[in-house]
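Beneath this line is the structure, given in structure tokens, with notes to follow.
As the structure is a computational prediction, the values presented were derived from the model and not from experiment.
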Amino acid sequence: MSSGVRQPLAMRKLVAASDRDWASVEGSGIGHLVLFLEANAGSQTILQNAFPLIAVAFSDEGEADLMESLALLRSLATVPEIPVQRLDVKNAQDSCALIRKLVEGGVGRLARHTASITSELAILRRERETLLENYRALEDAFQSRNWEPVSEIFAHDPYADPKDEGIGQLLASAYVEQLLPVSSLGVAGLALHLHSVPKGSGELVATLSYLESGEGVAEWTVPYAQLVPNWNFFSLPRACGGAARTLRLRISATGPDTVGLSLGYPIASERYTARSEVPHSDLDLRPLAFRVFTGLPGVKPARIPNMIAPSSLLDGQYILDYRLAVDVLSQIVDVSVTPMVPEFQTVRFLEHEHAVVCHPLPSGISAGAISRAVEPGTISFFANAVIDHPEGAPAAVSFLLAPANSNARSEVAELARKGSAKPSAFFSGWREVGPNQAISINIQLDEPVREPMDLMILSRAVTDSVDFSWLKVSGFRLVKQSAEGSYVRQ
């Protein structure tokens with residue numbers, strides 16, 4: 001083959017023919033696509049700017065020469081097997097027109113698409129190399145400046161007021177809560193000061209969470225035997241990343257003995273004072289005695305003395321994507337509300353494509369219902385829709401979520417009659433879809449659904465025709481949000 005210089009499609013020779021058939025080819029309209037192989041060329045057959053996909057012959061002599069030349073090319077193993085198509089000179093014009101359409105149309109589009117992918121891959125490779133270089137430069141910068149992987153950014157020193165009663169008993173019966181007066185970004189751990197630690201059994205329980213969302217970060221359950229009457233360091237496995245948020249620390253204790261959790265000097269800001277669900281005189285404008293340490297977001301902090309790893313990592317409110325399984329989609333039933341009685345199946349499940357077809361009718365609403373498809377906690381729903389026929393008439397598509405085990409046909413009838421869903425249901429609104437390009441449809445709910453819900457896929461006509469309007473819906477993806485914490489034991 002020739003060098004890698006990109007050639008226009010007209011310069012790429014994609015059809016092979018013998019030079020004996022030159023006159024027939026020249027009058028066929030595909031001459032600019034044909035590579036002529038010389039008769040009796042022997043081992044001198046050369047491919048230059050050519051990648052033959054098919055060979056054509058108009059005569060017995062041309063076919064014999066092609067067989068000989070192609071046999072030589074086959075021995076080189078540089079191109080796949082090239083089929084030889086014998087054409088009639090009388091009908092050559094029609095046959096060659098079809099070859100030209102296939103080569104310049106389908107093959108041309110494939111070649112352009114491949115070239116585009118190759119170009120994008122080269123760009124991604126360069127971007128990846130740049131990213132790796134940036135990481136190396138970042139590491140070099142930290143090493144050259146001797147930056148510490150963990151540093152203290154805030155501290156409230158312990159202060160013992162003569163009037164203090166101690167909050168040990170408060171920890172055993174309730175909890176003490178403290179907001180950290182620093183951004184969560186980069187926080188790698190914190191330290192709590194204890195002025196006394198009991199010898200008996202019991203545990204100190206500390207929980208760190210985000211104030212804005214309630215999402216848990218980590219929990220430490222530490223036996224008294226592992227604590228010291230001084231600073232105790234509670235570390236995170238990785239420094240906090242993501243958006244900057246407010247961290248909330250909640251502390252309680254278990255067991256018959258009380259632990260001496262220290263308080264700091266009085267401060268003016270009530271927001272950052274320690275508080276409890278039970279009033280206590282020691283907490284009057286007093287924060288806990290604590291320190292906050294930061295590091296690189298997402299990076300494991302370096303070890304420090306008296307470090308205590310979390311006993312569990314809380315996910316708090318977490319997000320989970322899930323898709324409708326085949327056995328769920330296969331349960332779809334026709335609940336259309338229309339006076340028409342079609343001769344074909346309006347709603348059906350395509351198992352091999354993991355899709356649902358809902359063909360609109362000239363009047364009314366075609367609808368398919370899947371019972372209990374939407375799980376509790378779902379906050380949003382996504383799917384793709386397209387008219388699965390190149391000449392299909394456009395249609396309107398929508399989704400309806402209704403309470404589980406409700407009368408699906410009644411829900412659709414309510415929508416058809418009033419143009420809006422019942423208060424207990426969620427309606428996506430109508431979207432027009434055609435055969436040229438798939439569209440994405442989604443439902444975003446204000447809050448997660450509390451109970452399972454039925455999913456209904458709806459379609460209706462938007463023109464006077466519904467010919468070949470095979471509406472196909474696929475790519476069902478749902479997002480579920482849970483307010484319950486999950487954890488991973490360390």
Side-chain angles (χ1 to χ4, degrees), residues 154-182 184 187 189-211 214-236 246-267 269-293 304-314 316 485 487 489-490:
F154 186 86
H156 269 311
D157 292 327
Y159 169 69
D161 191 306
K163 301 188 296 295
D164 283 349
E165 300 176 5
I167 58 174
Q169 193 60 45
L170 178 63
L171 295 176
S173 59
Y175 62 81
V176 173
E177 194 173 86
Q178 172 76 58
L179 297 184
L180 305 190
V182 298
S184 65
V187 170
L190 54 95
L192 292 174
H193 189 274
L194 303 178
H195 58 78
S196 64
V197 178
K199 299 293 185 181
S201 61
E203 295 176 329
L204 182 72
V205 181
T207 303
L208 193 64
S209 62
Y210 294 118
L211 176 66
E215 178 184 357
V217 178
E219 183 180 71
W220 296 264
T221 302
V222 189
Y224 290 157
Q226 297 180 17
L227 299 173
V228 297
N230 201 331
W231 289 106
N232 295 264
F233 298 90
F234 298 79
S235 70
L236 293 171
T246 305
L247 288 169
R248 175 175 55 195
L249 177 66
R250 180 174 291 183
I251 303 173
S252 60
T254 64
D257 299 320
T258 59
V259 64
L261 183 63
S262 301
L263 296 174
Y265 287 86
I267 61 175
S269 174
E270 294 186 7
R271 176 176 173 82
Y272 295 108
T273 58
R275 65 191 67 184
S276 176
E277 58 184 339
V278 178
H280 195 285
S281 59
D282 287 2
L283 300 182
D284 185 20
L285 296 180
R286 299 276 299 279
L288 296 178
F290 67 93
R291 296 175 177 175
V292 181
F293 298 85
I304 53 179
N306 299 332
M307 176 182 286
I308 301 171
S311 54
S312 61
L313 298 179
L314 302 177
Y487 63 90
R489 288 292 179 190
Q490 301 298 302

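- The ring-ring contact (aromatic ring centres under 6.0 Å, His included) test with H193 is passed by exactly one of Y159, F234, W231, F233: W231.
- Each of L261, L180, L263 was compared with F290 under the side-chain contact (heavy atoms from CB on, under 4.5 Å) criterion, and only L180 meets it.
- Atom CZ of residue R248 and atom OG of residue S184 lie 13.0 Å apart, to the nearest 0.5 angstrom.
- Contact detail for S281 and E165: the closest heavy-atom pair is OG-OE2, 3.8 Å.
- Considering CG of D284 and CD of E270, their distance stands at 8.5 Å, rounded to 0.5 Å.
- Residues T258 and P198 have side chains not in contact (no heavy-atom distance under 4.5 Å, counting atoms from C-beta outward).
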Please walk me through it: do V217 and V187 pass side-chain contact (heavy atoms from CB on, under 4.5 Å)? CA-CA 11 Å; V217 178; V187 170; over 6 Å; no
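- With respect to the salt-bridge test (charged N to carboxylate O, under 4.0 angstrom), the residues E177 and R250 qualify.
- Closest approach of F293 and A191 over heavy atoms only: CE1-CB, 4.0 Å.
- The side-chain contact (heavy atoms from CB on, under 4.5 Å) with L283 is formed by just one residue from the set I167, T273, V278; it is I167.
- Nearest approach of I308 to W220, heavy atoms of both residues: O-NE1, 3.2 Å.
- Between S235 and P310 the shortest heavy-atom distance is O-CD, 3.1 Å.
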Residue pair N232, V197: steps toward the side-chain contact (heavy atoms from CB on, under 4.5 Å) verdict: CA-CA 11 Å; N232 295 264; V197 178; 5.7 Å; no
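- In this structure, P287 and Y272 approach most closely via the heavy-atom pair CB-O, 3.6 Å.
- For the pair Q178 and L192, the minimum side-chain heavy-atom distance is 4.5 Å or more.
- One finds the CZ atom of R291 at 12.5 Å from the NE2 atom of H156 (value rounded to the nearest 0.5 Å).
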Would you sort out whether L247 and Y210 count as a side-chain contact (heavy atoms from CB on, under 4.5 Å), showing the intermediate values? CA-CA 5 Å; L247 288 169; Y210 294 118; 3.6 Å; yes
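- Counting heavy atoms from C-beta outward, L204 and I251 have side chains that approach closer than 4.5 Å.
- Crowding of E277 atom CD: a count of heavy atoms from other residues, nucleotides or ligands under 6.0 Å exceeding 12.
- A distance of 10.5 Å separates CZ in R286 from CD1 in I267, rounded to the nearest 0.5 Å.
- When every heavy atom of P158 is checked against every heavy atom of A289, the shortest pair comes out as CA-CB, 3.7 Å.
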In sequence, state the C-alpha distance, the side-chain angles, and the governing distance for D161 and D282, and then conclude on side-chain contact (heavy atoms from CB on, under 4.5 Å). CA-CA 9 Å; D161 191 306; D282 287 2; over 6 Å; no
